[in-house]
Amino acid sequence: MEQYLLALDQGTTSSRCIVFDREGNIRSQVNREFQQFYPQDGWVEQDPTEIWASQMGVVVETMLKMGITASQVAAIGITNQRETVVVWERESGNPICRAIVWQCRRTAEQCAKWKAEGLEPLIHEKTGLLLDPYFSASKLKWILDNVPGARSRAEKGELCFGTVDSWLIYRLTGGKVHATDPSNASRTMLFNIHTMDWDEELLSIFDIPRAMLPQVKPSSGLFGYTDQGLFGGQIPIAGVAGDQQSALFGQCCLNAGDVKNTYGTGGFLLMNTGNTPVSSKQGLLTTVGWRIGNEVSYVLEGSVFTCGAVIQWLRDGMKLFKKASETEKMANKVPDTAGVYLVPAFVGLGAPYWDAYARASIQGLTRAATANHIVRAALEAMAYQTVDVLDAMRQEAPFPIGSIRVDGGAAANNFLLQFQSDVLGIPLTRPSCVETTAKGAASLAALGVGYYSGFEEMKRTWKTDRVFAPTMGAEQRETLLRGWHKAVERSLAWAKVES
Ligand code: ADP
């Protein structure tokens, strides 16, 4: 009987399950959105039970749709929204409060305080991250400080902390395994990417009891088996990685110097830097890609907070079109943006600017501007943000960047990718399977149980759909980028309170 790989892709807005066959083809797929809570300005929460229930629901539905049983699943791979914090009771498995989501800015003040105390260089050196509310540590401390009884119970070992991967592993194994992988651990700001272990000094600075932390296991290999009662048979969980690292793996960017860019809600450019962590002074993050056996692959990452989300805003907020896919036609209806620039700094700007006070703007408007020009300006902005991140990466990466593999929902847009290639001046390759995040987790699991004999077998499942090559002249590129940088300049520090 044929065996398959099950990828659990637990994203920020939806839980997905995808079944892959040995050749890497998608055989079945189910997606379920779940609720987001915005209790205060800048706060974002999710219900951990709903995360689990929606994820469990799509796994069962996918298996039923395909008519497969647990014995036909070679392994489960998990990939997940990163940095989001869940705290639950070790004994019952019940969460003690809502999950605090990566986008939540409630700890901005706490982070500013730590920065003022001069902690950032130490944190950057150990974790490869910047002192920003984006990462888990300040969120976990917030829970310990604000949920009644949480700190004393955590100290007694009664509570477990985990990013979403740990939470799912715990529930899937019926509470037997409390573990994570280094790609997720490296986003908590508690993990030392050089020693590859939780860091006592950081735990003490952030006041986090070690007893509540998960065990860190290699990204590929056995984490545990699913509880017998869940799927009518035990399935090995054998691959785990945070969504962006999983996408890098799924794109088969296995060698030092390989680069991928994802155009999803946010934008994430990642370079595999091999077994050497490369430190950045330009606002890029140094993080763990994955660990397989004793081999660690490090990554240089540029995180852009708003990418495809600007298209969502134009659709839902401005009502300029009904479907995101219409934007390609609209952009192609005009020869340029008529001088319009849109800077999508709705929640500030990430790499390379890291300005929490930047705000979005539309500039250069004249009476000539139409909805088509604004849509085109939004798509071009998605490309310009990647140019800024890539420029930073070019300055710091030890490898030349010859081409980039692309994925994510908005990578379906041919206008965007052609314009991107033009303003970068390098070719882009889009694979035929754009579900690279899920594919990465499935592949880690496949290697973990020996379903794939090795990297060569995995690489054979990656196929090109289309290559976009640059056609724009250098002069035009420079003129466009000058305009973009002028527009960014005027969006910076916008929301800062004047003293
Ligand atoms: P995520 O996994 O981050 O939730 P996806 O990778 O599914 O996101 O990508 C969805 C994003 O891509 C949405 O923000 C949507 O607006 C945008 N998007 C989807 N299709 C297109 C398209 N054809 N052109 C431009 N943007 C698109």
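Computed over heavy atoms, backbone and side chain alike; hydrogens, waters and symmetry mates excluded. Everything numeric here is computed off the predicted structure, so don't read it as measured data. Counting starts at 1 for both ligands and their atoms, following the listed order.
Glu328 does not count as a contact of ligand 1, since none of its heavy atoms falls under 4.0 Å from the ligand. For Thr327, the heavy-atom gap to ligand 1 drops under 4.0 angstrom. Look at Ala309 and you'll find a heavy atom under 4.0 Å from some atom of ligand 1.
Polar contact check, Gly409 against ligand 1: a nitrogen or oxygen pair lies under 3.5 Å apart. In terms of N/O distances under 3.5 Å, ligand 1 is approached by Thr265. Between Gly266 and ligand 1, no pair of N/O atoms sits closer than 3.5 Å.
Partner Phe305 forms a ring-ring contact (aromatic ring centres under 6.0 Å, His included) with one of Phe268, Phe346, Tyr134 and no other, that one being Tyr134.
Among all non-hydrogen protein atoms, the one lying nearest atom 2 (O) of ligand 1 is Arg16 NH2, 4.7 Å. Looking only at protein heavy atoms, the nearest one to atom 11 (C) of ligand 1 is Gly264 C, 4.0 Å. When only non-hydrogen protein atoms are considered, atom 22 (C) of ligand 1 lies nearest to Ala324 O, 3.7 Å. Nearest protein heavy-atom neighbour of atom 12 (O) of ligand 1: Ala410 N, 3.5 Å. Nearest protein neighbour of atom 15 (C) of ligand 1, counting heavy atoms only, is Gly308 O, 3.8 Å. Nearest protein heavy-atom contact of atom 24 (N) of ligand 1 is Asn413 ND2, 3.1 Å.
Between Glu45 and Arg106 there is a salt bridge, since a side-chain N of the basic residue sits under 4.0 Å from a carboxylate O of the acidic one. Between Arg187 and Glu301 there is a salt bridge, with a side-chain nitrogen of the basic residue lying less than 4.0 Å from a carboxylate oxygen of the acidic one.
Every atom of ligand 1 is numbered from 1 in the order shown, and the set under 4.0 Å from a heavy atom of Gly408 is 6 (O). The ligand atoms of ligand 1 that sit less than 4.0 angstrom from a heavy atom of Ser325 are 23 (N).
With hydrogens and angles disregarded, no donor-acceptor distance shorter than 3.5 Å links the side chain of Glu396 to the backbone of Ser280.
Annotation: Trp494 is not in aromatic contact with Tyr357 [ring centroid separation under 6.0 Å not met]. Between Tyr38 and Trp43, the distance separating the two ring centers is not shorter than 6.0 angstrom. Between Trp88 and Trp167, the ring center distance clears the sub-6.0 Å criterion.
Protein non-hydrogen atoms do reach within 4.0 Å of atom 5 (P) of ligand 1.
For Arg98 and Phe37, the positive end sits near the middle of the six-membered ring, less than 6.0 Å away and at most 45° from its axis. Both tests hold for Arg22 against Tyr451: distance to the six-membered ring centre under 6.0 Å, angle to the ring axis within 45°.
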Stepwise salt bridge (charged side-chain N to carboxylate O under 4.0 Å, His left out) test for Glu83 and Lys139 = CA-CA 9 Å; Glu83 297 102 9; Lys139 299 176 198 286; over 6 Å; no
